Amino acid sequence: MGRALVCFLLSCLPAAAMVGGATAPPDSIARAVVLIVGSRGNFCTGAALAPDLVLTAAHCVLPGADYKIVEYKSGQPQLRDVKRVKAHPAFSLQTLLAHRATADVALLKLPAPLASVAPARLGPTPTVSPGDAFLVAGLGVAVRGDGKSGGTVRAASLVATGRPGNLQIRLVDAATMGETEGLGACTGDSGAPVFMNGAIVGVVSWSTGPRNSAGCGGLTGVTPLALYRSWITDSAKILGNEL
């Protein structure tokens, strides 16, 4: 686990995250966003639903690795333990890798609360139409290929495209519509919270480059929480949290 954190701080993580000149989100959103690191060197974004409960993507916390939360105190990173990982039982990694809809949601229970977070709330289930606006907040690098640009919460304002529904939402930068590189998420922003009207309505599951190419700055694939809201609240209760 120490190596994973050291790699992040020394910018040796994969260069992939919120790109296209994304800026800082409002403080109320920024303080809900947390960094998750794994013992295999992977890293993801999550969102605090309570001081000791984090929502992320199921593919970020696969079995066979240990996971920690990175909390910053006085600007210095501190590793915080994860007591339990609870992924949705219907999640399928193979389905996700094919960019198809799956239950890509998970909860991380911590043994002690994080002092620096301001938990976000879950939003109501929206009916999404093409052109609807969302805010995606993540902790990855700002410039693809430049690891030193990571570690700061940045947010991208994106709009729904295609045929959004309860299974999957695809977001693009309204200025580029995915045809050229624009704002968007990538590997480091997996699990990042997706906000509508200040509340979380989904998590980032995957991304593409322009015109469905490899990379980032094209499509941002979101797993909406509509079908999984009850599982999240029921699981949180089992873990000792009332949402």
Side-chain angles (χ1 to χ4, degrees), residues 28-29 31-38 42 44-69 71 80-97 100-128 132 134-138 160 164-169 171 189-206 221-243:
S28 59
I29 287 178
R31 292 188 60 203
V33 179
V34 301
L35 178 67
I36 303 165
V37 293
N42 61 303
C44 279
T45 298
L49 299 182
D52 60 349
L53 189 70
V54 172
L55 172 71
T56 190
H59 79 267
C60 287
V61 286
L62 296 174
D66 296 321
Y67 299 96
K68 303 276 188 180
I69 301 295
E71 184 175 25
R80 302 303 183 201
D81 289 337
V82 172
K83 180 179 180 180
R84 185 176 175 188
V85 173
K86 190 172 179 63
H88 197 288
F91 169 68
S92 167
L93 181 60
Q94 290 75 19
T95 301
L96 177 72
L97 293 176
R100 300 199 308 270
T102 187
D104 192 20
V105 292
L107 291 172
L108 280 64
K109 177 68 174 180
L110 283 60
L114 298 171
S116 60
V117 301
R121 62 184 176 88
L122 296 176
T125 301
T127 299
V128 181
D132 284 352
F134 297 84
L135 186 73
V136 181
N166 287 340
L167 293 175
Q168 193 174 81
I169 303 171
L171 304 179
D189 289 308
S190 288
V194 179
F195 294 86
M196 176 180 269
N197 298 323
I200 300 174
V201 296
V203 297
V204 171
S205 288
W206 53 266
V222 173
T223 297
L225 301 183
L227 297 179
Y228 314 117
R229 176 70 180 269
S230 294
W231 177 86
I232 292 171
T233 54
D234 290 347
S235 296
K237 187 178 297 184
I238 292 172
L239 295 172
N241 297 90
E242 294 283 349
L243 299 181

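Quantities reported herein were computed from a predicted structural model and do not represent experimental measurements. Excluded from the calculations below are hydrogen atoms, water molecules and symmetry mates; all remaining heavy atoms, backbone and side chain alike, are included.
When the side-chain hydrogen bond (donor to acceptor under 3.5 Å, both in side chains) test is applied to Ser190, the partners found at least two apart in sequence or on another chain are His59. Scored by the side chain to side chain contact (heavy atoms under 4.5 Å, CB included) test, Ala118 finds Arg31 as partners (sequence neighbours excluded). Glu71 is linked by a side-chain hydrogen bond (donor to acceptor under 3.5 Å, both in side chains) to Arg80, Ser116, counting only residues two or more places apart in sequence or in another chain. Listed by chain and number, the residues in a side chain to side chain contact (heavy atoms under 4.5 Å, CB included) with Leu243 are Leu49, Leu53, Leu122, Ile232, Thr233, Ala236 (sequence neighbours excluded). A search for side chain to side chain contact (heavy atoms under 4.5 Å, CB included) contacts involving Pro111 returns Asp81, Lys83, not counting sequence neighbours. Residues satisfying the side-chain hydrogen bond (donor to acceptor under 3.5 Å, both in side chains) criterion with Ser235, sequence neighbours excluded, are Trp231. Here Thr95 pairs with Ser92 under the side-chain hydrogen bond (donor to acceptor under 3.5 Å, both in side chains) rule; sequence neighbours left out. Under the side chain to side chain contact (heavy atoms under 4.5 Å, CB included) criterion, Ala160 pairs with Val128, Phe134, Pro164, Ile169, Leu171, not counting sequence neighbours. Every residue was checked against the ring pair (Phe, Tyr, Trp, His ring centres under 6.0 Å) condition with Phe91, not counting sequence neighbours, and none meets it.
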### Query
Hey, mind stepping through Val82 and Val61 against side-chain contact (heavy atoms from CB on, under 4.5 Å) and telling me if it holds?
CA-CA 11 Å; Val82 172; Val61 286; over 6 Å; no
### Query
What do the steps show when you test Thr223 against Thr102 for side-chain contact (heavy atoms from CB on, under 4.5 Å), and what is the final call?
CA-CA 8 Å; Thr223 297; Thr102 187; 5.8 Å; no
### Query
side-chain contact (heavy atoms from CB on, under 4.5 Å) between Leu62 and Tyr67: does it pass, once the steps are laid out?
CA-CA 10 Å; Leu62 296 174; Tyr67 299 96; 4.2 Å; yes
### Task
Under the side-chain contact (heavy atoms from CB on, under 4.5 Å) rule, what do Val194 and Val136 come out as? Steps first, then yes or no, please.
CA-CA 5 Å; Val194 179; Val136 181; 4.1 Å; yes
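Across all non-hydrogen atoms, the minimal contact from Ala137 to Ala192 is O-CB, 3.2 Å. Considering all non-hydrogen atoms of both residues, Gln168 and Arg100 come closest at NE2-C, 3.5 Å. Counting all heavy atoms, side chain and backbone alike, Ile200 lies closest to Ala120 at CD1-CB, 3.8 Å. The two residues Ala58 and Ala106 have their closest heavy-atom pair at CA-CB, 3.8 Å. When all heavy atoms are compared, the tightest approach of Ser205 to Leu96 is CB-CD1, 3.7 Å. Contact record, Pro193 with Gly46: CD-O, 4.1 Å, taken as the closest heavy-atom pair.
For residues 113-125, there are no salt bridge (Lys or Arg N to Asp or Glu O under 4.0 Å) pairs, not counting sequence neighbours. For residues 101-118, every residue pair satisfying the salt bridge (Lys or Arg N to Asp or Glu O under 4.0 Å) rule, not counting sequence neighbours, is listed here: Asp52-Lys109.
The local environment of CG in Asn197 is sparse, with at most 12 non-hydrogen atoms from other residues, nucleotides or ligands closer than 6.0 Å.
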